[in-house]
Amino acid sequence: MSKELIRLSDCVVKFDDEIILDHLNLYINDKEFLTLLGPSGCGKTTTLRIIGGFLSPTSGDVFFDGQRCNDVPPHKRQVNTVFQKYALFPHLNVFENVAFGLRIAKVPDGEVTQRVMEMLEVVNLKGFERRPISALSGGQQQRVAIARALVNRPKVLLLDEPLGALDMRLRKDMQSELKRIQQELEITFVYVTHDQEEALAMSDTVVVMDGGLIQQIGTPEDIYNEPKNAFVADFIGESNILDGIMRADGVVEIFNRRFQCLDGGFAKDEPVDVVIRPEDVDIVPETEGQLRGTVTQVTFKGVHYDTIVDFYGFKWLIQTTDYCPVDSRIGIKIDPDGIHVMKKSAYSGMFGDYSSYSEEYDEIGDASLAPDEEGSGDEE
Amino acid sequence: MKNKLDRFAVPYVVWMAIFVVAPILLMVVYAFTTEGGGFTLANFADLGEYLPVFTRSFKLAIVATLICLLMGYPMAYLMAKEGVRFQRVAMALIMLPMWMNFLLRTYSWMSILENNGLLNQFFRAIGLLDALGVDYIPLIRTQGAVVLGMVYNYLPFMILPIYSVIVKLDSSLLEAARDLGANSFGVFRKVIFPLSLPGILSGVTMVFVPSVSTFAISRLLGGGEELMLGDLIEQQFLGGAYDPYLGAAIAMVMMVIVVVCMVVMNHFGEGEEEAVLL
Amino acid sequence: MKKQNRVGSRLLIGLVFLFLYAPILLLIIFSFNAGDSNVVWRGFSLDWYGKLFQNRLIMESVYMTLLVSILATVISTVAGTFAAIGLFGLKRRWRNPLMTVSNIPTVNADIVTGVSLCLLFGACFMTWGRFAAWFNDVQSVVELPERLTMGFVTLLLAHIAFDIPYVILNVAPKLRQMDKNLIDAAQDLGCTWMQAFWKVILPEIKPGVVSGALIAFTMSVDDFVISYFTAGSSTSTLAMAIYGMTKKRVSPEINAVSTLLFITVLVLLILSNVLEARQEKLAERRAEMKPMPQRRPILPPVVRRPWFRRTVAGVCACSLVLVVGALAAATGSRPVVNVCSWGEYIDEDLITQFEEETGIRVNYQTAESNETLYSLLKSGGGDYDVVVPSDYMISQLIEEDMLAELDYDQIPNFSLIDPQFRNLPYDPENKYTVPYAWGTVGIIYNSTMVDEEITSWSAMFDPKYAGKVMLINNSRDALGIALKYLGYSLNTTDEGEIREAYQLLVDATDGGVYAGKIMDEVFQVMEGGNAAIATYYAGDYLTMLENNEDLRFVIPEEGSNWFVDAMCILKDARHPAEAHAWINFMASTDAALANMDYIWYGTANSEAIAQYPDYYLENYGEELDQETFDIIQTPPEVLERCEMYLVLPKETRELYKSLWIKLGV
């Protein structure tokens, strides 16, 4: 990766005493595909809006190409955005939407036509110039939004959950298309999403955020394989997260049993979180298992079975191609490289039990929990 | 949204302070002031004498509002069921009279209702007057004429809000109600009517408030013999009994009563809505 | 079955429309009537349309209505749109209470809004007056006007104040529906804030802005109550003109105005509907997924250029400013005199004559009664120079230091005033007044509806005429006739006597004797045979007699009131020189003769009194009959039974006022 393009230094954002971003430090390299990943309300959109210039941090500085740019208004930044629901102008047709930025910049007519047409070709929308926005499908609108941003030849393209409104297959197509466009045009993409699969599939760098803090920065592989804490482990992929005690380098104790692992550098007898990915668990006959438990639920997923197994009251998710009937007793084996040990963090104990898949599901049963008011998410 | 949108609110807030809040505060101040400028409650003490005016005004306004509702609701409902083209024309026709000043329309009623007016001429022509043995049937300068004037002038204010609520009702709701076994009347009673309550409430407000405070209509059609609240207030400001302090007190009391009525009604209305939702 | 329903429903809708449109159709039909009745058809004619364009009062008020409505609509649409955007940008906890405050004028009764604005303007003018007086005292470079009155500016402000909330109510939902990111997107693509507003926000909320403007215009045109309280006396909208007319005689030109307004609106509506339908069809076609052929622009390309539109908008704005400016200049540069008198109390040709002779524009207005005039003066609504109050009100105005001493050098015609009418009790040294006309109060009755000759005030209280009597609608005259009937003085200060008289009126009211309380409406009521008996003024009787020969007049045997209405100049008059010119003109013999002949009231000009019989003969080709002349110039023996009103002490005035209001309760 080449030189640094954007730097957020010690940025704090507060709305009415509510801290949205907490002393954020982040740099983004030129021509990088960087993804801000996190649940709603984590501060990722706020970060994006700071870069876009729609928001000034309460304190802290923003640098663009080495220049401090806190107070540069959006229309003077070499940055363009693809908005969440596209924000296409309903009163203009496809061509005029794409041409909008050029017209504002008073680009001569001929050049406008040429550049718009070029860009429509890049996003595979040739022949759609005269269509009104309302006559386009979601995927087409998406492409218009991208073309409209890119036609201005920004140095950085910001994308705020651009694929959220599309269906599954289209999303996959658009992912590879975005990646292609980014590589073709060689510009920096800053991409916001809450979909970890999307993040892993497209990014050069993933920034996992929660509660206004960066939880982890790394390549997709790093993030997946070496999560820094329970939050990241849970948010990226499926994880069983257990309490353990580090007895020695390479030896961790779970449920009073010692397991071999590859991690080290902890104090002796330090309590730790242990992550075990569901696909890293082998099912063996009960007698051969390192742990033994009872199958409580089995779901056929095509490639594998999602098997929920109760070990001493803690429910694990195991993904296996072997079918185990409900109520059967089984044993499991975990290879040392399947065990990831993490330091205890504020998130310890909050995740990793598979009594249910989502927290929301837990809440549904409890009517006293009012749903969040609309708009209280990170859009504000 | 940290756009600089909110800066546009500042001039308007100043404007409101001068032209909305200050006048009303001034009215309240006047209501508690003597001619010499001292504090007094006498203006309110005097109000007891005008109790019949209050009751008369509220009575006539309530009657007019009810008649408007009884005429306006079916009208709005039936209109909403017509085709789009018909609706558009009908809406335009309802709005159209409002572009002529309401005094013009009221004035026309004067010549219809006069003792020698069109209606009485008509009654005479068909021999009704002779049959009754009278010179004319008193139509104008009666409370009935005042109510008629109110209904005539404010009926569009009842139709429009109800219509706009009904026409926006999601047709899938009606289908759902039918699916769940309601017949036409059931659909109306259980779904359409409760959902059109907000329209009814705003219609009732829009008819009741001008009715209770009118002075032109009562003056032109009511003959000015029996005062209404509007007449009473007008008399204190530009009429024959100059006393803005008393006038302010009357206006203030009227405003308070109307506001209380509206709050109670809206509260009641909201309760209804919730009951329907649960 | 379904079809039947449809027919029934259409029938019902049709009935409601019939109800809504019947009165309007009536106005339209009778606008083509050859006669001046709204009841009897006398053949087709376009006369009223011709007369309409010569009727200054109506034409000016139509112009004023349109001017105020259009200006208020334009200003409140612009201001309201920005206000809505501003409110939209606020946090919810600020926005909601502010919206509530903003909506006050839409939910408050019009009369409360009107009255409170009236108080506000009054208070502002008072404060300004004090400031200006002080300012003029401490320096002499700039002379500030000390007296401000309500007028066009206050009217416009009031209209803007109640229009803005409607604009906001229409724009706000469009803003809420708008994707908030659109603004960001526009800025992101290089727009400054203003560019984003013009290119993105405005097109998005345009439907709301348009409908807001439409509603604002409708409200402005339809408004009467708020205008009534904020326009002052010198500015009149169409509604105020009509209201003024309905109090006396409505001139049938109103029918013609209504028809023209109706047709204009109808045409506009049809046009907009057709345009809308066409646009919808276009949109539908555009929405179809078929690849569109190159869209042919409806307008020539130049029209679609932004610079062209901006130019057009600029030209419109400039011309508007020019029109308003020209209007202000026109009214400002020409000398004006504001006169307030009573209804049907002048030969209007005299106004034109005066204007032609002097170049002074006459703003001629009328008040309903002395008491109303007093209210107008007190509330700051009356921007008058010359007023024509009656005797007792003159005393009161002098007492309250509201009249200016006249400069009789500027009124040479005062020498023509008969000594009998000088130094009367209301102005003992004759420093403030020049008599305008004089007359008596009596009973007017319709001889076909009453089977006896009426000679006594008792007819006004007689249950046998229940429902056929019209009481005069002012406290002094109404209580006066009761006092006279009881044999008391008109000027009694004895509370017992006054209460006795009041009781008489209450009993008659409770007994259903009175069909109504009216002032100048009496013309229409009595001429149309809509009531049998009424109390009114002698001269007006003669006017009514011209239109209904069955009417009779009597000054009852118990005696009555004789009054003098005299021209005075207000202390704070803004055009004193013009005011003197007007008074001198009206006091001239020619004017007095013409006016006497027109209004049938007596004059105080001794030459005119002497010349009137000859004048009559010359004009009508017949002898003036003595009976008529006696009604105009009441003979001394009758006048002996009559009393003049004197100003009453304050307590008695208060008593009158409270009793009078109570009678209406």
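Within every chain, numbering begins at 1; the chains are lettered A, B, ... in the order of the sequence lines, protein sequences first and strands thereafter. If you're wondering where the values come from, they're calculated on a predicted model, not measured in any experiment.
- The residues B/R105 and C/D222 are annotated as salt-bridged, a charged nitrogen and a carboxylate oxygen being separated by less than 4.0 angstrom.
- In terms of heavy-atom pairs under 4.5 Å with chain B, the best-connected choice from C/E371, C/M470, C/R95 is C/E371.
- For the set C/C124, C/S116, C/A161, C/S220, the count of heavy-atom pairs under 4.5 angstrom toward chain B peaks at C/S116.
- When the candidates C/S369, C/G467, C/A515 are compared by the number of heavy-atom contacts under 4.5 Å with chain B, C/A515 comes out ahead.
- For the atom pair CD1 (C/I183) and CD1 (C/I201), the distance works out to 4.0 Å, reported to the nearest 0.5 Å.
- Atom CD1 in B/I250 sits 6.0 Å away from atom CG in B/L47 (nearest 0.5 Å).
- Judged by distance alone, the side chains of C/Y228 and B/E234 do bring a donor and an acceptor atom under 3.5 Å apart.
- Taking 4.5 Å as the limit, every side-chain heavy atom of B/L155 sits out of range of all side-chain heavy atoms of B/V207.
- Of the two parts of B/M206, neither the backbone nor the side chain holds a non-hydrogen atom closer than 4.5 Å to a non-hydrogen atom of chain C.
- Contact annotation for C/L157: both backbone and side-chain heavy atoms come within less than 4.5 Å of a heavy atom of chain B.
- At a 4.5 Å heavy-atom cutoff, C/V257 makes no contact with chain B through either its backbone or its side chain.
- Across B/L139, B/I140, B/L221, a single residue satisfies side-chain contact (heavy atoms from CB on, under 4.5 Å) together with B/W109, and that is B/L221.
- The candidate from C/M449, C/K517, C/K662 with the greatest count of non-hydrogen atom pairs under 4.5 Å with chain B is C/K517.
- For a residue to count as touching a neighbouring chain, one of its non-hydrogen atoms must lie under 4.5 Å from one of that chain's; by this rule C/I661 touches chain B with backbone and side chain alike.
- Under the 6.0 Å distance and 45° angle rule, C/R476 does not count as a cation-pi partner of C/W660.
- When the candidates C/L261, C/I242, C/T65, C/L238 are compared by the number of heavy-atom contacts under 4.5 Å with chain B, C/I242 comes out ahead.
- Distance CD/B/E35 to CG/B/N43: 10.5 Å, rounded to 0.5 Å.
- Only the side chain of B/R219 comes within less than 4.5 Å of a heavy atom of chain C; its backbone N, CA, C and O stay farther away.
- The closest side-chain heavy-atom distance from B/V209 to C/V107 is not below 4.5 Å.
- No part of B/V10 comes within reach of chain C, as not one of its non-hydrogen atoms sits under 4.5 angstrom from that chain.
- Heavy atoms closer than 4.5 Å to chain B are found in both the backbone and the side chain of C/A239.
- In this structure, chain B has no heavy atom under 4.5 Å from any part of C/L471.
- Using a 4.5 Å cut-off between heavy atoms, B/L104 contacts chain C through both its backbone and its side chain.
- Neither the backbone nor the side chain of B/F54 has a heavy atom closer than 4.5 Å to any heavy atom of chain C.
- For B/L246, no part sits under 4.5 Å from any heavy atom of chain C, backbone or side chain.
- Contact of B/E114 with chain C is made through backbone and side chain together, with heavy-atom distances under 4.5 Å.
- Side chain to side chain, C/S375 and B/Q235 fail the donor-acceptor criterion of an N or O pair below 3.5 Å.
- Neither the backbone nor the side chain of B/P210 comes within less than 4.5 Å of any heavy atom in chain C.
- Interface remark: B/V258 contributes no atoms to any contact with chain C (heavy atom separation under 4.5 Å).
- Within the 4.5 angstrom heavy-atom criterion, only side-chain atoms of B/M254, from C-beta onward, approach chain C.
- Residue B/L93 touches chain C through both its backbone and its side chain, counting heavy-atom pairs closer than 4.5 Å.
- Residue C/I85 touches chain B through both its backbone and its side chain, counting heavy-atom pairs closer than 4.5 Å.
- Between C/F82 and C/F88, the ring center distance fails the sub-6.0 Å criterion.
- Neither the backbone nor the side chain of B/V259 comes within less than 4.5 Å of any heavy atom of chain C.
- Heavy atoms closer than 4.5 Å to chain B are found in the backbone of C/D223, but not in its side chain.
- Put simply, CZ on C/F30 and OG on C/S258 are 13.5 Å apart, with the number rounded to the nearest 0.5 Å.
- Both the backbone and the side chain of B/M79 have a heavy atom closer than 4.5 Å to some heavy atom of chain C.
- Distance check: C/N103 CG to C/I168 CD1 gives 8.0 Å after rounding to the nearest 0.5 Å.
- Using a 30° and 60° split on the angle between ring planes, B/F215 and C/F224 fall in the tilted class, from 30° to 60°.
- Aromatic ring orientation, B/F8 versus C/W193: tilted (interplanar angle from 30° to 60°).
- For a residue to count as touching a neighbouring chain, one of its non-hydrogen atoms must lie under 4.5 Å from one of that chain's; by this rule B/Y152 touches chain C with backbone and side chain alike.
- Neither the backbone nor the side chain of C/F197 has a heavy atom closer than 4.5 Å to any heavy atom of chain B.
- By the neighbour-count criterion of 12 heavy atoms within 6.0 Å, atom CZ of B/F122 is sparsely surrounded, having that number or fewer from other residues, nucleotides or ligands.
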